[in-house]
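These notes are about the structure you will find just below.
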Protein chains: 2
Amino acid sequence: MGVKLPVSTEWVLHCATTLAQLEPGSSASGAQLAQYFDLPAPYLAKQLQSLTRAGLLAATTGPRGGFRLARPAGEITLLQLVEAVDGVAPPYECREIRQQGRGALAPEDCRHTCVLAARMADAHQAWRDSLAGVTLADVLGEIPATAPARTRRLLNGS
Amino acid sequence: MGVKLPVSTEWVLHCATTLAQLEPGSSASGAQLAQYFDLPAPYLAKQLQSLTRAGLLAATTGPRGGFRLARPAGEITLLQLVEAVDGVAPPYECREIRQQGRGALAPEDCRHTCVLAARMADAHQAWRDSLAGVTLADVLGEIPATAPARTRRLLNGS
């Protein structure tokens with residue numbers, strides 16, 4: 001029971017946070033990121049591709065190729081990352097049961113969104129607003145000051 | 001892909017809203033509610049039992065038995081209804097991948113909740129707060145003034 005985001009949501013958030021710590025212009029490959037967090041590389045690659053398609057990551061080719069942020073960390077929100085991989089569909093689906101069965105309302109009484117669906121949509125929007133208010137730059141501001149140097153050393157050997 | 005609440009969430013919200021429209025002391029059976037919305041009775045019965053266990057509905061026995069709200073409509077929130085049937089587990093699960101793989105942080109660096117998990121928890125709390133701010137009485141205040149009389153007529157023949 002209960003609504004669940006896939007385990008890969010955590011992967012995506014951590015990989016993006018990791019890429020946000022690299023020197024501008026540096027990148028890390030999917031294989032490196034998979035190793036960094038001990039994740040299944042093929043499945044992670046799919047998520048990284050979704051982030052690239054969404055314009056959040058840029059894929060570079062060549063021997064030093066890999067992924068980097070496609071824009072500044074202050075312009076990438078947690079909502080964008082989550083929705084890029086998990087989709088934008090709201091968790092509550094109104095199937096208009098108010099229009100079926102013995103109590104079915106007439107179509108003319110259902111021109112407006114069902115009150116219950118509207119309140120569920122409000123809650124989803126509150127969730128979205130919360131995640132839209134946090135950028136990768138905000139996240140970097142809350143990790144130890146020594147973290148980026150360590151991340152760069154482990155990933156880029158710099 | 002995407003996080004989904006079960007279809008039964010809509011059932012539960014509508015059944016509770018329906019019961020909130022009955023005369024005080026009146027009840028409706030699970031079979032009546034199933035018919036009212038054309039829902040599978042055995043599966044709906046399970047949801048109604050969950051609401052009863054959560055103290056939101058009261059089950060009465062006897063020939064006119066059934067379900068009624070266990071407390072005033074102003075004291076039952078959408079959050080209570082949703083969590084009674086869908087559980088309280090947050091959708092984002094932090095599996096501490098920051099502590100695994102080549103980039104694994106030392107345990108002493110993980111005494112605090114991961115920043116990403118904390119921000120995902122904030123968003124879940126925003127969703128909860130939104131739904132906790134809406135009672136069944138609020139919902140009744142937004143449906144047509146003629147609705148309760150119709151609901152009573154169809155369900156209790158009164």
Side-chain angles (χ1 to χ4, degrees), chain A residues 1-7 9-11 13-14 17-18 32 34-39 78-79 82 85-89 91-95 97-98 100-104 109 114-120 122-131 134 138-139 142-144 147 150-151 154-155, chain B residues 1-7 9-11 13-14 17-18 32 34-39 78-79 82 85-89 91-95 97-98 100-105 109 114-120 122-131 134 138-139 142-144 150-151 154-155:
Chain A
M1 290 299 285
V3 173
K4 281 290 160 207
L5 286 161
V7 293
T9 308
E10 185 185 6
W11 307 354
L13 292 176
H14 277 277
T17 301
T18 299
Q32 279 182 305
Q35 238 181 4
Y36 197 80
F37 292 111
D38 191 20
L39 302 174
L78 300 194
L79 181 67
V82 171
V85 292
D86 296 327
V88 298
Y92 179 78
E93 245 182 300
C94 173
R95 303 193 172 200
I97 66 167
R98 63 180 174 165
Q100 69 189 35
R102 183 148 187 252
D109 292 329
C114 170
V115 181
L116 293 164
R119 295 297 84 77
M120 294 301 287
D122 289 345
H124 183 57
Q125 191 56 48
W127 181 84
R128 296 187 76 243
D129 289 346
S130 180
L131 293 180
V134 185
D138 295 329
V139 172
E142 292 195 61
I143 60 177
R150 176 179 180 274
T151 303
L154 286 171
L155 274 171
Chain B
M1 289 299 287
V3 173
K4 281 290 162 207
L5 285 160
V7 294
T9 308
E10 185 186 5
W11 307 355
L13 293 176
H14 277 278
T17 301
T18 299
Q32 279 182 306
Q35 236 179 7
Y36 196 80
F37 291 112
D38 192 20
L39 302 173
L78 299 194
L79 181 67
V82 170
V85 291
D86 296 327
V88 298
Y92 180 78
E93 247 182 301
C94 173
R95 303 194 171 198
I97 66 168
R98 63 179 173 165
Q100 67 188 38
R102 183 148 188 252
L105 293 170
D109 292 330
C114 169
V115 181
L116 293 164
R119 294 296 82 77
M120 293 302 286
D122 289 345
H124 182 57
Q125 192 55 48
W127 181 85
R128 296 187 77 244
D129 289 346
S130 179
L131 293 181
V134 185
D138 296 329
V139 172
E142 292 195 61
I143 61 177
R150 176 179 180 274
T151 303
L154 286 171
L155 275 171

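The chains referred to below are lettered A, B, ... by the order of the sequence lines, with proteins before strands, and numbering in each begins at 1. Everything numeric in this text was worked out from a predicted model, so none of it was measured.
- Interface remark: Val7(A) contributes side-chain atoms only to the contact with chain B (heavy atom separation under 4.5 Å).
- When each of Asp38(B), Ile97(B), Leu39(B) is checked for heavy-atom pairs under 4.5 Å with chain A, Ile97(B) comes out on top.
- The side chain to side chain donor-acceptor pair (under 3.5 Å) test applied to Asp109(B) returns no partner, not counting sequence neighbours.
- Not counting sequence neighbours, Glu93(A) has no partner by the side chain to side chain donor-acceptor pair (under 3.5 Å) test.
- Contact count versus chain A (heavy atoms, under 4.5 Å) is highest, among Asp129(B), Thr151(B), Leu105(B), for Leu105(B).
- Heavy-atom pairs under 4.5 Å with chain A were tallied for His124(B), Met120(B), Arg128(B); the largest tally goes to Met120(B).
- Heavy atoms of Thr17(A) lying under 4.5 Å from chain B belong exclusively to its side chain.
- With a 4.5 angstrom heavy-atom cutoff, Leu78(A) touches chain B only via side-chain atoms.
- In plain terms, the two heavy atoms of Arg95(B) and Glu10(A) that are nearest each other are N-OE1, 2.8 Å.
- Distance check: Leu154(A) CG to Arg102(B) CZ gives 5.5 Å after rounding to the nearest 0.5 Å.
- Remark: the backbone N or O of Phe37(A) is paired with a side-chain donor or acceptor of Gln100(B) at under 3.5 angstrom.
- When every heavy atom of Ala126(A) is checked against every heavy atom of Trp127(B), the shortest pair comes out as CB-N, 4.5 Å.
- Ranked by heavy-atom pairs under 4.5 Å with chain B, the first of Gln32(A), Gln35(A), Gln125(A), Arg150(A) is Arg150(A).
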- Take Asp122(B) and Leu131(A) through the test side chain to side chain contact (heavy atoms under 4.5 Å, CB included) and record every step on the way to the result. CA-CA 8 Å; Asp122(B) 289 345; Leu131(A) 293 180; over 6 Å; no

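- Nearest heavy-atom pair, His14(A) versus Arg98(B), reported as atom, atom and distance to 0.1 Å: CE1-CB, 4.0 Å.
- By number of non-hydrogen pairs under 4.5 angstrom with chain B, the leading residue of Val88(A), Val115(A), Thr9(A), Val82(A) is Val115(A).
- Among Cys114(B), Pro144(B), Gly101(B), Ser130(B), the residue making the largest number of heavy-atom pairs under 4.5 Å with chain A is Gly101(B).
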